[in-house]
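For reference, the structure discussed in these notes is given below.
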Amino acid sequence: MATDIKKCIDNMDIKSFQDDLIGWFVSEQRELPWRKDQDPYKVWVSEIMLQQTRVDTVIPYFNRFLENFPTIEALAYADEEKVLKAWEGLGYYSRVRNLQSAVKEVNEKYSGRVPDSPKEISALKGVGPYTAGAILSIAYGKPEPAVDGNVMRVLSRILLIWEDIARPASRKIFETAVRELISHENPSYFNQALMELGALICTPTSPSCLLCPVREHCEAFHEGVQNELPVKTKKKKQKNVQLAAGIFSDGEGRILIRKRPGTGLLANLWEFPTVELSLDFQRQRDQLAEHFEENYSLAPKIGDSIGEIDHVFSHLVWNIQVFSGQITGEISETPQLKLVTEKEIKEFAFPVPYQKMLKQYLEYKKADQP
DNA sequence: GAGTCGTGGTT
DNA sequence: TAACCAAGACT
């Protein structure tokens, strides 16, 4: 650790810092569904859901997920389609695939008990350095660091750490600092309090220093540089991708859907057949038709353009032209290609852009055929 | 280390 | 409004 950070910690009254921080958490913490007990499974599920996701977004998903899959065993034996459906709309879908995979491993290898050693828990799929520390401290009371974005922001201010927190290597500096600072009497509350402070007081912009329970311990506050920290370099802009999608129905009004590949973007979710357009926007219908001919030997009658969907991902932007159409020929359904009714379609997990597309289609159909 | 992987809220 | 952001992990 850099000598100036070490010096900063040496000059701090650590016991007083812990007491102020934990005391604040005891009285000011939010009531959250995953804080009702310390069931390692519930802590685990909540931590996976909370990765890069806001608390308010997670709450309803967490409650529903635990109603559907109350225990390790329930999730281990659950139908993968139903698990994905429960995650629909939460994003970062590999999280739930890894979670179920890891839960199966815990069920078999550890008799359904979540391991409590750093080595074993870190070996589980989807459990990285942060999640391992969070589960170990919150569920098992182990004094392990759980360094997320909140913790890096809070500690960068308290300890005046000028490292770029966008660099993956920076996390270790903060883990070292937490090992020096963490309360061994209550590691769970210490870690949670750092994150709660980051969420409620020590916010990215305009932190509420006058309400902060540990401002007396904060170097950035003393120096008046809390708005200059943390240092975080910007990310690059997303790339634009042009797509055409077809919502095609057969003679009985059933809609053609297909399952996306098991890896990559939106893996294993369902979609309406979609093609990436090769920068020839005038031939959208042709490219869509060619795609169907080549992949399914189908020649759908492509009808009206229903509309346009713009969807922003972390690293790219989709612009989708949506077409309706009719399927005339015989269609051989496979596990990846299905014809479903408007009622049945509710059982399949769709990414948000396709949910919007379906809504547009149903409104279009209602308006077209009163 | 840099790119991949969602979505919705905030500034 | 475009950029930024939110309890990261994996390749």
Side-chain angles (χ1 to χ4, degrees), chain A residues 25 29-30 32-35 42-62 84 87-99 101-102 121-135 137-138 145-154 164-172 174-175 178 188 191-200 202-206 227 230 232-241 260-269 271 309-318 349-356:
Chain A
F25 182 72
Q29 65 169 298
R30 292 167 291 181
L32 300 172
W34 47 89
R35 285 181 176 165
K42 293 182 196 169
V43 173
W44 186 4
V45 171
S46 73
E47 292 302 340
I48 300 297
M49 285 189 172
L50 285 163
Q51 289 170 7
Q52 300 292 285
T53 311
R54 309 181 101 80
V55 165
D56 289 342
T57 302
V58 166
I59 290 172
Y61 280 91
F62 177 83
L84 261 184
W87 207 269
E88 181 187 50
L90 243 197
Y92 288 134
Y93 298 95
S94 67
R95 289 184 295 175
V96 73
R97 187 176 60 246
N98 289 336
L99 174 62
S101 169
I121 201 163
S122 298
L124 298 171
K125 281 184 187 169
V127 178
Y130 162 75
T131 304
I135 297 173
S137 61
I138 298 172
V147 175
D148 70 338
N150 283 313
V151 172
M152 288 197 282
R153 181 173 62 258
V154 170
D164 178 6
I165 67 168
R167 288 176 45 236
S170 299
R171 197 196 68 251
K172 291 191 175 180
F174 291 90
E175 286 177 347
V178 170
S188 168
N191 280 342
Q192 292 188 73
L194 277 183
M195 293 188 275
E196 194 82 337
L197 191 69
L200 301 181
C202 196
T203 49
T205 58
S206 53
N227 291 311
K232 189 176 186 181
T233 54
K234 326 189 223 282
K235 336 176 190 178
K236 297 197 295 188
K237 217 177 81 177
Q238 303 101 322
K239 289 180 179 174
N240 294 307
V241 179
R260 294 178 58 87
T263 57
L265 187 65
L266 306 171
N268 289 333
L269 299 201
E271 68 177 0
I309 301 275
D310 290 312
H311 191 76
V312 179
F313 296 94
S314 306
H315 60 298
L316 49 88
V317 179
W318 272 5
F350 284 86
V352 165
Y354 291 96
Q355 294 176 32
K356 292 178 180 169

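Protein chains get the first letters and strands the later ones, always in sequence-line order, with residue 1 at the start of each.
Using a 4.0 Å heavy-atom cutoff across all strands shown, A:L197 reaches no nucleic acid atom at all. Across all strands, A:G198 comes closer than 4.0 Å to no nucleic acid atom at all (heavy-atom distances). At the heavy-atom level, A:W87 lies nowhere under 4.0 Å from the strands shown. Counting non-hydrogen atoms under 4.0 angstrom, A:R97 reaches nothing in the nucleic acid. Residue contacts shown for A:V127 are limited to sugar-phosphate atoms, with no base heavy atom under 4.0 Å away. Residue A:R260 is out of contact with every strand shown, counting any heavy-atom pair closer than 4.0 Å.
Under the rule for a ring-ring contact (aromatic ring centres under 6.0 Å, His included), the partners of A:F350 that lie at least two apart in sequence or sit in another chain are A:F272. With sequence neighbours excluded, the residues satisfying ring-ring contact (aromatic ring centres under 6.0 Å, His included) with A:F25 are A:Y189. The side-chain hydrogen bond (donor to acceptor under 3.5 Å, both in side chains) test applied to A:E271 returns A:R258, A:R260, A:Y354, not counting sequence neighbours. Not a single salt bridge (charged side-chain N to carboxylate O under 4.0 Å, His left out) links A:R97 to another residue, sequence neighbours left out. Contacts of A:M152 classified as side-chain contact (heavy atoms from CB on, under 4.5 Å), with partners at least two apart in sequence or in another chain: A:V147, A:I165, A:F174. The salt bridge (charged side-chain N to carboxylate O under 4.0 Å, His left out) search around A:R54 returns none, not counting sequence neighbours.
Here the P atom of nucleotide C:dC4 and the CD atom of A:Q238 are 10 Å apart, to the nearest Å. Distance CZ (A:R95) to P (C:dC10): 13 Å, rounded to an integer number of Å. At whole-Å resolution of the value, NZ in A:K125 and P in C:dC10 are 10 Å apart.
For DNA chain B, the neighbouring residues in residues 47-58 of chain A, judged by any heavy atom under 4.0 Å, are A:Q52, A:T53, A:R54.
Pairs passing the salt bridge (Lys or Arg N to Asp or Glu O under 4.0 Å) check and including a residue from residues 42-52 of chain A, sequence neighbours excluded, read A:D37-A:K42.
For the pair A:T205 and A:L124, both in contact range of DNA chain C, the more 5′-proximal nearest nucleotide belongs to A:T205.
For A:H311, a side-chain nitrogen or oxygen approaches OP1 or OP2 of B:dT7 to under 4.0 Å.
The closest donor-acceptor contact from the side chain of A:Y61 to the backbone of A:E88 lies under 3.5 Å.
A:T131 contributes no side-chain N or O that forms a donor-acceptor pair with the base of C:dG8 under 3.5 Å.
Nucleotides B:dG3 and C:dC4 are separated by 16 Å at their P atoms, to the nearest Å. For the P atoms, the distance linking C:dC5 with B:dC5 amounts to 22 Å, nearest Å.
The side chain of A:Y92 sits closest to B:dG6 out of C:dA9, B:dG6, B:dT11. In this structure, of B:dT7, C:dA3, C:dA9, it is C:dA3 that holds the atom nearest to the side chain of A:K237.
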For nucleotides 1-4 of chain B, give me every protein contact, N/O to N/O, under 3.5 Å, one pair per line with atom names.
from	atom 1	to	atom 2	distance (Å)
B:dG3	OP1	A:K236	NZ	2.6

Show, in sequence, the C-alpha distance, side-chain angles and deciding distance for A:W34 and A:V55, and conclude whether the side-chain contact (heavy atoms from CB on, under 4.5 Å) test is met. CA-CA 11 Å; A:W34 47 89; A:V55 165; 4.1 Å; yes

